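The structure appears right after this line, and notes come after that.
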Amino acid sequence: MTTFTRGFRGRRRGEDDRLPPGQYLTEDFPVLSAGPTPHVPLDRWEFTIDTEAGQTHRWTWPELTALPYEEPAVDIHCVTSWSKLGTTWRGVSLDVLFEDVESTADYALVHSYGGYTTNLPLDDLLDGKAWIAYRYEGEDLTPSHGGPARLLVPHLYFWKSAKWVRGIRLLTEDWPGFWETAGYHNYGDPWREQRYADD
Amino acid sequence: MQADHLDGNALAGPLAEIFAADVSVAVSRCAACGLTGPVASLHVYDRAPGLVARCPGCEEVVLRLVRSPDAAWLDLRGAVTLRIPLGGAGPGAVASAGGEPGADR
């Protein structure tokens with residue numbers, strides 16, 4: 001893992017400026033999970049986008065990893081209050097996956113192997129804001145961190161970045177996901193500290 | 001390797017804040033597979049934004065508990081019932097002392 005001296009840090013843009021309210025900085029990468037870790041064989045892995053009109057767009061693992069990828073370096077913020085700065089990933093932008101998807105839906109419900117779900121406005125997945133990520137810090141994404149592939153939506157609290165992502169359903173009405181139905185905020189903007197439903 | 005979950009005894013403290021009785025000694029019935037067993041036998045995932053208790057048989061969610069600074073959010077839809085052991089001085093004891101409720105005496 002890369003480490004920086006204090007002096008080097010001091011010349012960077014202030015870390016405090018990159019920490020949303022109520023967050024603390026961590027150097028490690030805590031593993032959070034609401035259930036057992038699914039182990040999905042790559043020859044049976046698939047990712048789908050289901051539109052509100054009933055059309056399904058489908059990618060196998062070789063198809064996904066043959067698509068143009070990006071390598072975003074992003075800060076991530078967990079609702080349990082840790083933040084990690086400058087994480088590097090490799091993944092396919094959702095803009096690429098949505099290129100041929102026709103939809104007028106406003107909402108997305110992301111679902112994962114293992115049954116996890118999370119919801120967000122479709123706009124938050126587009127325009128360079130989200131990726132299906134399959135490498136982290138130069139290595140294949142491990143199952144404990146959501147491998148083989150996870151959603152990466154770093155501008156929202158990290159529970160929105162669904163591990164073990166399996167697909168996205170496009171919906172004309174919002175449908176709250178796993179934590180959004182259990183007291184967590186429907187949108188989850190860390191800079192507005194939208195942790196709980198009442199925030 | 002460290003287990004990825006705790007047993008249901010981990011629910012005792014957080015649920016004691018909500019219920020007068022100790023729910024960790026209750027018997028729950030899983031809404032997904034019907035398995036009946038003590039709440040203490042559930043698999044509790046606590047390294048998460050809340051507590052997630054899963055059925056040891058089918059791993060479906062039986063109970064979720066989120067504690068915000070000013071509220072608790074409790075989801076029990078994965079449990080058909082909870083059988084909560086209580087002391088002898090319940091409604092039955094009152095009825096035997098005072099007659100059947102609504103009985104015309």
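Each chain gets a letter, A, B and so on, in the order its sequence line appears, and its residues count up from 1. This structure is a prediction, so every number in the text was calculated from the model and none was measured.
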ILVMFWY network linking A/L94 to A/W45, side-chain heavy atoms under 4.5 angstrom: yes

Contact winner vs chain A - B/G50, B/P49, B/A72, B/A48, heavy-atom pairs under 4.5 Å: B/P49

Same apolar cluster (I L V M F W Y, side chains within < 4.5 Å links), B/V27/B/V25: no

Same cluster (ILVMFWY, side-chain, under 4.5 Å), A/Y107 and A/W175: yes

Atom pair CH2/OG1 of B/W73 and A/T181 - distance to nearest 0.5 Å: 9.5 Å

A/F178 six-ring face occupied by B/R64 cation (under 6.0 Å, within 45°): yes

Exercise: do A/T80 and B/R47 side chains pair donor with acceptor under 3.5 Å: no

Max heavy-atom pair count under 4.5 Å with chain B, selected residue of A/S33, A/G35, A/S144: A/G35

Side chain to side chain contact (heavy atoms under 4.5 Å, CB included) evaluation trace for B/V66 with A/W179: CA-CA 9 Å; B/V66 168; A/W179 291 119; 3.7 Å; yes

Verify same cluster id: A/Y113, A/V92 (apolar side-chain graph, 4.5 Å): yes

When A/A197, A/P36, A/G114, A/G115 are compared by non-hydrogen pairs under 4.5 Å with chain B, the top option: A/P36

B/V44 portion near chain A, given a 4.5 angstrom heavy-atom threshold: neither

B/V23 with B/L11, same ILVMFWY side-chain cluster at under 4.5 Å: yes

Minimum heavy-atom distance B/D4-A/T37, with the two atoms named: OD2-N, 4.3 Å

Greater than 12 external heavy atoms within 6.0 Å of A/D43's CG: yes

Other residues, nucleotides, ligands: >12 heavy atoms within 6.0 Å of A/R169 CZ: no

